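Below is one structure, written out as structure tokens; the observations come after it.
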There are 2 protein chains.
Amino acid sequence: MAADASTRPGRPGRRPGPTETREKILDCARRLFAEKGYDGASLRGIAREAGVDPALVHHFFGTKQGVFIEAMRFPIDPQAILSRVAGTRSRDELGVALAEVFLEIWEDPARRVPVLAMLRSAMTNEQVATMMRQFVSAALLGPVTEAFGIAPIRVEAAVGQLIGVAMLRYVLGVEPIASATRQELVELLAPTLQRHFDEG
Amino acid sequence: MAADASTRPGRPGRRPGPTETREKILDCARRLFAEKGYDGASLRGIAREAGVDPALVHHFFGTKQGVFIEAMRFPIDPQAILSRVAGTRSRDELGVALAEVFLEIWEDPARRVPVLAMLRSAMTNEQVATMMRQFVSAALLGPVTEAFGIAPIRVEAAVGQLIGVAMLRYVLGVEPIASATRQELVELLAPTLQRHFDEG
DNA sequence: GCTTAAATTCAACGCATGATGAATTCTACT
DNA sequence: AGTAGAATTCATCATGCGTTGAATTTAAGC
């Protein structure tokens, strides 16, 4: 079927059929924020990618920050992760469990994209950094510290190990860690994480 | 002494006295690249900070990339670090040595600034990421792998631990790791690094 | 079927950016 | 002393940005 002119951009007015544009914009926003970070991604770029006028983005989300906040909604549910990690395992298997959950997230595009966007944006934008700082403190440190009685600085050291490896693997793409299998990485990381949790 | 009008900007032509402007520009460039990353920092911002016309920046360094490359010259000398780490210690003290050297670099503003600039920029700029990838491969992985016979992926895991902690401490500023003393961090990190080097 | 509201585009604003070429003032060399 | 060249600024260009207000088309509620 030929592309109907009324569904293609170029003419003002509402498009026929149900509205799917809003979600498409958010999708493209997530992708671009993930690729270029908050400051690097542009409203106009997002609009272009979504096949939409920039003003429509503004109409839906108000400001650029509004787009970002909306796009970052529910990237991952910390509580779900926590119960995944804590659930069926004993404390001396925390390392393996954490490594596995972490890699699952990063290997699944649908979840990697918003996380990457958050990470990249936090590096150069102070407001996003604040968002992430609060997230790490409230959603990660608090619960883990309480649930397992591990010193916060040790949890952070473990989180640091994971973030650093993610940077080398997914952002910089340094070999050989970028091409390692998930299994290899679990074996590489799990004992290290476990070490952080066992001491002190 | 009142500020001589001829040494203040606002009038075209060469300023009297020896030329110190070039270095000042590079200094400001390093600072701004460190604060905002490559894309976030602007030639005009650098010029403003240095009290200089933007065209002068262009005159000295040609393009923005030229400024960056020049500003990133000799941030750290990998060979010096390597001999520091390798020099007087036995292999089972590698962890401590590496943690100490790493923290010394980050605690010294003169060396932290270019490293931060590199890290922030590599996150959002593909070209800088390529620079950093090559640096990590050639200057870090190669030598360490050869000198100590440690599997590259293990060296990368250790580097990942360090980078991740640096992000939490110096970029995001998450507590309590942001306020920990150098000594505390060495004790926290050294065994982990050592672990990566001992296995396999 | 009419009307209100939502979706969509157009046109435009003011601003910042990286880049360039020409003009001016000083230093360094002869 | 005179001159070549370096340092410095000015004015300007095209481009892309985030934002805004008005106009147009469709969908939903009555």
Side-chain angles (χ1 to χ4, degrees), chain A residues 3-26 28-29 32-33 35-71 121 124-125 127-128, chain B residues 3-26 28-29 32-33 35-71 121 124-125 127-128:
Chain A
D4 185 349
S6 67
T7 56
R8 264 211 326 271
R11 205 183 41 162
R14 186 168 185 160
R15 300 182 192 174
T19 304
E20 73 243 346
T21 324
R22 201 189 130 101
E23 284 310 310
K24 185 164 190 185
I25 292 177
L26 283 181
C28 298
L32 286 184
F33 283 135
E35 280 176 23
K36 317 192 179 190
Y38 181 82
D39 298 292
S42 74
L43 284 193
R44 295 170 116 96
I46 293 169
R48 206 178 307 129
E49 202 88 350
V52 142
D53 189 276
L56 186 58
V57 181
H58 172 263
H59 172 253
F60 278 134
F61 308 104
T63 157
K64 184 179 183 180
Q65 198 176 157
V67 181
F68 184 78
I69 291 180
E70 206 67 15
S121 302
T124 46
N125 188 282
Q127 298 183 52
V128 180
Chain B
D4 185 350
S6 67
T7 55
R8 266 211 326 270
R11 205 182 40 163
R14 185 168 187 161
R15 301 181 192 175
T19 303
E20 74 242 345
T21 322
R22 204 189 128 101
E23 284 311 311
K24 184 164 191 186
I25 292 176
L26 284 181
C28 298
L32 286 183
F33 282 135
E35 279 176 24
K36 317 191 180 192
Y38 180 82
D39 299 291
S42 74
L43 284 194
R44 297 169 116 97
I46 293 169
R48 207 178 307 129
E49 202 89 348
V52 143
D53 190 276
L56 185 60
V57 181
H58 173 262
H59 171 254
F60 278 134
F61 308 105
T63 159
K64 183 180 184 179
Q65 197 176 161
V67 181
F68 184 79
I69 291 180
E70 205 67 14
S121 303
T124 46
N125 188 283
Q127 298 183 54
V128 179

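Please read these numbers as outputs of a predicted model, since none were measured by experiment. The figures here come from the full heavy-atom set of this structure, side chains too, leaving out hydrogens, waters and symmetry mates. Every chain is numbered from 1 and lettered A, B, ... according to where its sequence line falls, protein lines coming before strand lines.
For the pair B:F61 CZ and C:dT20 C1', the computed distance is 18 Å after rounding to whole Å. Between the NE2 atom of A:H59 and the C1' atom of D:dG18 there is a distance of 17 Å, given to the nearest Å. D:dC10 atom P lies 17 Å from atom NE2 of B:H58, rounded to whole Å. We find that CG of A:L56 is positioned 15 Å from C1' of D:dA22, with the value rounded to whole Å. Straight-line distance from the CD1 atom of A:I46 to the C1' atom of D:dC17: 12 Å, rounded to whole Å. The separation between A:D53 atom CG and D:dT20 atom P is 15 Å, rounded to whole Å. To the nearest angstrom, P of D:dG16 lies 16 Å from CZ of B:R44. If you measure from atom CG of A:D39 to atom P of C:dT17, you get 12 Å, rounded to the nearest angstrom.
Side-chain N/O atoms of B:R48 include none lying less than 4.0 angstrom from OP1 or OP2 on C:dA16.
By the ring-ring contact (aromatic ring centres under 6.0 Å, His included) test, A:F61 is found to be paired with no residue, residues two or more places apart in sequence or in another chain being considered. A:R44 pairs by the side-chain contact (heavy atoms from CB on, under 4.5 Å) definition with A:S42, A:R48, A:P54, not counting sequence neighbours. Residues satisfying the side-chain hydrogen bond (donor to acceptor under 3.5 Å, both in side chains) criterion with A:D39, sequence neighbours excluded, are A:N125.
Residue contacts shown for B:A47 are absent, as no nucleic acid heavy atom lies under 4.0 Å away. Among the protein residues, A:A50 comes within range of no part of the nucleic acid, since none of its heavy atoms lies under 4.0 Å from any strand.
Between A:V128 and A:S121, the shortest heavy-atom contact is CG1-CB, 3.7 Å. Counting all heavy atoms, side chain and backbone alike, A:K64 lies closest to A:F33 at CE-CE2, 4.3 Å. Closest of all the heavy-atom pairs between A:D53 and A:A47 is C-CB, 3.9 Å.
Nearest-nucleotide positions on DNA chain D place B:V57 closer to the 5' end than the other of A:Y38 and B:V57.
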Pair up each side-chain donor or acceptor in residues 17-25 of chain A with any protein partner under 3.5 Å, not counting sequence neighbours, and list the distances.
from	atom 1	to	atom 2	distance (Å)
A:R22	NH2	A:E70	OE2	3.3

Which atom pairs link the protein and nucleotides 28-30 of chain C when you take only N or O atoms and keep those under 3.5 Å?
none

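With values rounded to the nearest 0.5 angstrom, A:H58 atom NE2 is found 9.0 Å from A:L43 atom CG.
Sorted by residue number, the members of residues 19-26 of chain B with any non-hydrogen atom under 4.0 Å from DNA chain D read B:T19, B:T21.
Looking at B:Y38 and B:T124, their side chains never come closer than 4.5 Å, going by heavy atoms from C-beta outward.
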